[in-house]
Enquirer: 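Below you'll find the structure I mean.
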Amino acid sequence: QVQLVESGGGLVQAGGSLRLSCAASGRTFSSYAMGWFRQAPGKEREFVAAISWSGGNTYYADSVKGRFTISRANAKNTVYLQMNSLKPDDTAVYYCAAGPVTTTVPISYHYWGQGTQVTVSS
């Protein structure tokens, strides 16, 4: 079992930056691939970014590529999402997830955090 807790969300103006953190506890953190997903009101949950267990491979949605960076610090059992050049369309609840393989599909992830709200104003 893995427990995940997100933090770092908030209100920011368009063009600004936020750094989200996801703290993990439970079974060996470094054995899991990690992903970030988001869900806006009335929208489906969508993939944002993913990172392999070793940190050697990363993947991004086209909508965030070049603006967001996913990273992990296994010694601290933490994964990060650095978000730059934020747009109003980035407004959503952001969720951290852990799973056995690095994919873009939500159902492939076994463990989920509670989410953190990100609001980008124009």
Side-chain angles (χ1 to χ4, degrees):
Q1 298 290 313
V2 175
Q3 295 79 48
L4 306 172
V5 180
E6 303 97 333
S7 62
L11 175 64
V12 64
Q13 292 185 11
S17 298
L18 284 174
R19 189 193 194 197
L20 305 184
S21 298
C22 174
S25 62
R27 303 190 68 165
T28 306
F29 172 78
S30 60
S31 297
Y32 292 89
M34 302 294 295
W36 285 97
F37 296 80
R38 66 188 183 186
Q39 188 165 22
K43 300 292 194 297
E44 294 286 307
R45 186 189 305 164
E46 66 174 347
F47 168 76
V48 176
I51 187 167
S52 62
W53 70 269
S54 67
N57 299 102
T58 57
Y59 306 91
Y60 298 93
D62 289 342
S63 60
V64 307
K65 192 174 183 64
R67 299 188 298 119
F68 291 10
T69 303
I70 188 171
S71 62
R72 66 191 299 164
N74 289 346
K76 297 181 178 180
N77 292 340
T78 303
V79 63
Y80 304 97
L81 185 68
Q82 178 67 47
M83 306 185 295
N84 299 326
S85 301
L86 283 161
K87 306 174 180 179
D89 284 349
D90 295 319
T91 295
V93 176
Y94 283 70
Y95 297 92
C96 176
V101 294
T102 311
T103 78
T104 65
V105 183
I107 198 171
S108 297
Y109 291 84
H110 296 173
Y111 308 104
W112 295 81
Q114 84 289 350
T116 185
Q117 177 70 48
V118 172
T119 303
V120 184
S121 65
S122 59

Enquirer: May I have the step-by-step check of side chain to side chain contact (heavy atoms under 4.5 Å, CB included) for Phe37 and Phe47, ending in yes or no?
Expert: CA-CA 5 Å; Phe37 296 80; Phe47 168 76; 3.8 Å; yes
Enquirer: Could you tell me which residues satisfy side chain to side chain donor-acceptor pair (under 3.5 Å) with Tyr94, sequence neighbours excluded, listed by chain and number?
Expert: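 If we apply the side chain to side chain donor-acceptor pair (under 3.5 Å) test to Tyr94, skipping adjacent residues, the hits are Arg38.
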Enquirer: Run the side chain to side chain contact (heavy atoms under 4.5 Å, CB included) test on Trp112 and Cys96 for me, step by step, so that the C-alpha distance in whole Å, both residues' side-chain angles and the decisive distance to 0.1 Å come before the verdict.
Expert: CA-CA 6 Å; Trp112 295 81; Cys96 176; over 6 Å; no
Enquirer: For Gln117 and Val93, which heavy atoms make the closest approach, and how far apart are they?
Expert: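 Looking at all heavy atoms of both residues, the shortest contact is OE1-CG2, 3.3 Å.
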Enquirer: Please step through side chain to side chain contact (heavy atoms under 4.5 Å, CB included) for the pair Gln1 and Gln3, ending with a clear verdict.
Expert: CA-CA 7 Å; Gln1 298 290 313; Gln3 295 79 48; 3.7 Å; yes
Enquirer: When rounded to the nearest 0.5 angstrom, what is the spacing between OG1 in Thr58 and NZ in Lys65?
Expert: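 Those atoms lie 7.0 Å apart.
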Enquirer: About how many Å separate OH of Tyr32 and NE2 of His110, when rounded to the nearest 0.5 Å?
Expert: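 Taking NE2 in His110 and OH in Tyr32, the distance rounds to 8.5 Å.
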Enquirer: List the atom of Tyr109, the atom of Ala33, and the distance in Å for their closest heavy-atom pair.
Expert: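 Looks like CE2-O, 4.2 Å.
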Enquirer: Where is the tightest heavy-atom contact between Val120 and Thr91, given as atom of each residue plus distance?
Expert: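 Between these two residues, the closest heavy atoms are N-OG1, 2.9 Å.
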Enquirer: Check Ser52, Ser54, Ser108 against Thr102 for a side-chain contact (heavy atoms from CB on, under 4.5 Å) and give me the one that passes.
Expert: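 Answer to the side-chain contact (heavy atoms from CB on, under 4.5 Å) test with Thr102 among Ser52, Ser54, Ser108: Ser52.
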Enquirer: Identify whether Tyr59 and Phe68 are in the same connected component of the hydrophobic contact network (ILVMFWY, side-chain heavy atoms under 4.5 Å).
Expert: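 They do not share one cluster, since no chain of ILVMFWY contacts under 4.5 Å joins Tyr59 to Phe68.
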Enquirer: If every non-hydrogen atom of Thr78 is compared with every non-hydrogen atom of Ser21, which pair is closest and at what distance?
Expert: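 Smallest interatomic distance, heavy atoms only, reads CG2-CB, 4.4 Å.
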Enquirer: Could you report the tightest heavy-atom contact between Ser121 and Leu11, atom names first, then the distance?
Expert: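 Residues Ser121 and Leu11, closest heavy atoms: CB-CD1, 4.4 Å.
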Enquirer: Show the nearest heavy-atom pair for residues Thr116 and Gly9, with the distance to one decimal.
Expert: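 Closest heavy-atom pair between Thr116 and Gly9: OG1-N, 3.2 Å.
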Enquirer: Side-chain atoms of residues 79-89: list all donor-acceptor pairs with protein atoms under 3.5 Å, sequence neighbours left out, distances to 0.1 Å.
Expert:
{"residue": "Gln82", "atom": "NE2", "partner": "Asn84", "partner atom": "OD1", "Å": "3.0"}
{"residue": "Asn84", "atom": "OD1", "partner": "Ser17", "partner atom": "OG", "Å": "2.9"}

Enquirer: Are Glu6 and Trp36 side-chain neighbours, meaning at least one heavy-atom pair lies under 4.5 Å?
Expert: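 They are in contact (side-chain heavy atoms under 4.5 Å apart), so the answer is yes.
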Enquirer: Please check if Tyr95 and Met34 belong to a single hydrophobic cluster, counting links between Ile, Leu, Val, Met, Phe, Trp and Tyr side chain heavy atoms closer than 4.5 Å.
Expert: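 Hydrophobic grouping puts Tyr95 apart from Met34.
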